[in-house]
Protein chains: 2
Amino acid sequence: MLTPIQYVYAYPHPAIATDIVVFGIDEGKLGVLLIKRGEEPFKGAWALPGGFLQPDETIEACARRELLEETGLSAEVRLVGLFSEPMRDPRERVVSAAYLACVDYRAARIRAGSDAAHAGWHLVAELPELAFDHAAIIAASRNRVRELAEAAPIATRLIPQPFTLAELQAAQEALLGRPLDKRNFRRDITARQWAIPANAQRRGKTRSAGVFATCSTNENDD
Amino acid sequence: MLTPIQYVYAYPHPAIATDIVVFGIDEGKLGVLLIKRGEEPFKGAWALPGGFLQPDETIEACARRELLEETGLSAEVRLVGLFSEPMRDPRERVVSAAYLACVDYRAARIRAGSDAAHAGWHLVAELPELAFDHAAIIAASRNRVRELAEAAPIATRLIPQPFTLAELQAAQEALLGRPLDKRNFRRDITARQWAIPANAQRRGKTRSAGVFATCSTNENDD
DNA sequence: ACAAAAGTGTTATGTTTACACCCATGA
DNA sequence: TCATGGGTGTAAACATAACACTTTTGT
């Protein structure tokens with residue numbers, strides 16, 4: 001029998017993990033990706049996807065890796081905060097860095113991992129009981145994403161490209177949690193260059209709509 | 001000889017530390033508290049105060065404890081970000097949570113700790129060479145504190161209470177890095193209730209000035 | 001008397017919000 | 001032809017920014 005590799009320190013070292021709050025939008029409702037825990041503690045409860053920091057990656061890279069593993073998507077992640085109550089995980093001390101991401105939920109290919117019996121989208125307005133302190137993490141992320149949405153075009157990440165302004169507006173309204181005026185919205189988007197017109201139309205149920213694409217200069221902004 | 005206590009894990013656990021960027025203002029110039037390292041690595045270089053997370057405290061509590069130990073002051077701390085490049089500390093892997101605090105630098109009683117040969121204030125505009133990635137941490141904190149100062153009355157924390165509006169304005173200008181209009185400033189401060197008039201005057205070099213105090217309702221705002 | 005800092009209002013500009021009708025298309 | 005969603009402009013309210021003179025007091 002192999003002796004397990006052990007790591008020894010002179011002082012206690014908490015484990016470091018990331019939890020990732022993946023926001024998606026469905027029919028104008030904001031949802032988050034949750035995983036049903038297959039093991040104790042909180043077996044059978046819903047929890048945020050997440051995982052432990054690997055030796056060769058930054059914490060942000062860890063969050064991006066978790067996102068990729070859980071959804072098959074690469075997307076920008078944003079730090080929400082640190083969750084470090086000593087007893088937040090009953091097994092051992094785990095300090096978690098919470099990140100949020102906005103993705104097109106229909107593009108996500110959700111993988112139910114080894115320790116996850118199920119995974120699925122849940123409306124933020126109708127969350128189940130959650131494991132650990134994940135309810136608090138989601139609440140903090142909900143506030144953070146609202147702030148971010150005021151300043152950066154993250155709503156464009158929630159919808160497939162290219163998109164109509166109506167689609168973008170629905171996403172933005174879901175993030176902000178309040179209705180927006182259609183005409184003012186168009187002005188804002190074009191003035192801030194959050195989206196630029198593509199020379200194309202999309203045929204909808206009624207009149208066809210002009211489509212827009214995310215501005216390339218928005219890729220790196222904050 | 002006593003066997004040292006050892007902590008053993010099945011997976012590698014980075015150490016977790018906080019670094020704290022303590023801002024102060026002197027003659028209208030923004031400064032930060034630095035400590036001269038007394039030990040390798042970076043012996044003799046200037047570094048941010050900081051320390052390792054203890055088992056019974058949250059990371060924010062750790063930052064507040066470090067602040068208290070280094071300055072004798074209790075003050076609000078704000079998360080700046082995580083610094084987690086695997087090789088940022090040559091000894092072992094250390095993930096650092098950077099916090100910032102604004103204090104009255106003349107009230108600080110700086111303690112040169114066991115591993116710190118010296119400690120002192122340095123103007124942000126004239127920083128020495130810094131240990132580890134602390135230059136990047138200060139740069140990030142500089143940006144963060146500017147954002148915060150736009151939204152919250154943190155400038156009041158940089159000056160002794162009670163204060164004149166001229167003093168507060170100098171602090172705010174140092175945080176924002178741009179000059180402000182005296183009349184507009186007075187209006188903003190009173191409208192936002194960042195400070196309320198105390199029924200008192202302070203005799204200065206010339207005409208005496210009315211003094212203000214931080215509004216109690218600002219204690220918990222964000 | 002003069003130098004230095006305190007105090008005080010108004011105007012212009014820009015930003016944000018509110019609001020209503022016509023158009024194109026598919027059913 | 002009608003129901004549905006797409007597209008468009010203007011005016012009011014509000015917030016922000018610019019600007020100059022008088023007062024007090026110590027030297």
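Proteins get letters first, then strands, A, B, ... in listed order; numbering begins at 1 in each.
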Student: Using the side-chain contact (heavy atoms from CB on, under 4.5 Å) criterion, which residues pair with Ala98(B)? Sequence neighbours excluded.
Tutor: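 With neighbours one apart ignored, the set is Val80(B), Phe83(B), Ile137(B).
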Student: Who passes side-chain contact (heavy atoms from CB on, under 4.5 Å) against Asp26(B), sequence neighbours left out?
Tutor: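 Only Tyr105(B) meet the side-chain contact (heavy atoms from CB on, under 4.5 Å) criterion with Asp26(B).
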Student: Going 5' to 3' along DNA chain C, which nucleotides are the first and last within contact of chain A (any atom under 4.0 Å from a heavy atom)?
Tutor: dT17(C) to dG26(C)
Student: Return the residues of residues 177-185 of chain A meeting this criterion: a heavy atom under 4.0 Å from some atom of DNA chain C. Order them by number, or give none.
Tutor: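 Going residue by residue through residues 177-185 of chain A, the ones with a heavy atom under 4.0 Å of DNA chain C turn out to be Asp181(A), Arg183(A), Asn184(A).
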Student: When all nucleic acid strands are considered with a 4.0 Å heavy-atom cut-off, which category describes Arg202(A): base, sugar-phosphate, or nothing?
Tutor: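 It contacts nothing in the nucleic acid.
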Student: Please write out each protein N/O paired with an N/O of nucleotides 25-27 of chain D under 3.5 Å, distance rounded to 0.1 Å.
Tutor:
residue, atom, partner, partner atom, Å
dG26(D), OP1, Arg203(B), NH2, 3.1
dG26(D), O4', Lys205(B), O, 3.1

Student: Arg142(B): what forms a side chain to side chain donor-acceptor pair (under 3.5 Å) with it, not counting sequence neighbours?
Tutor: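 Here no residue qualifies.
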Student: Atom CZ of residue position Arg146(B) - does it have more than 12 heavy atoms of other residues, nucleotides or ligands inside 6.0 Å?
Tutor: yes
Student: Return the set of residues passing salt bridge (Lys or Arg N to Asp or Glu O under 4.0 Å) with Glu60(B) (not counting sequence neighbours), or none when no residue passes.
Tutor: Arg64(B)
Student: Sorted by first residue and then second, give each salt bridge (charged side-chain N to carboxylate O under 4.0 Å, His left out) pair with at least one member in residues 158-184 of chain A; sequence neighbours left out.
Tutor: Glu150(A)-Arg178(A), Glu167(A)-Arg202(A)
Student: For Leu127(B), enumerate each residue passing the side-chain contact (heavy atoms from CB on, under 4.5 Å) test, keeping only those at least two apart in sequence or located in another chain.
Tutor: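 Partners of Leu127(B) by the side-chain contact (heavy atoms from CB on, under 4.5 Å) criterion, ordered by chain and then number, come out as Val32(B), Leu34(B), His122(B), Leu130(B), Ile138(B).
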Student: Can you list everything that forms a ring-ring contact (aromatic ring centres under 6.0 Å, His included) with Phe42(B)? Sequence neighbours excluded, please.
Tutor: Phe132(B)
Student: According to salt bridge (Lys or Arg N to Asp or Glu O under 4.0 Å), who are the partners of Arg88(A), at least two apart in sequence or on a separate chain?
Tutor: Asp19(A), Asp133(A)
Student: Rounded to the Å, how far apart are Asp188(B) CG and dT16(D) C1'?
Tutor: 8 Å
Student: Return the set of residues passing side chain to side chain donor-acceptor pair (under 3.5 Å) with Asp188(B) (not counting sequence neighbours), or none when no residue passes.
Tutor: none
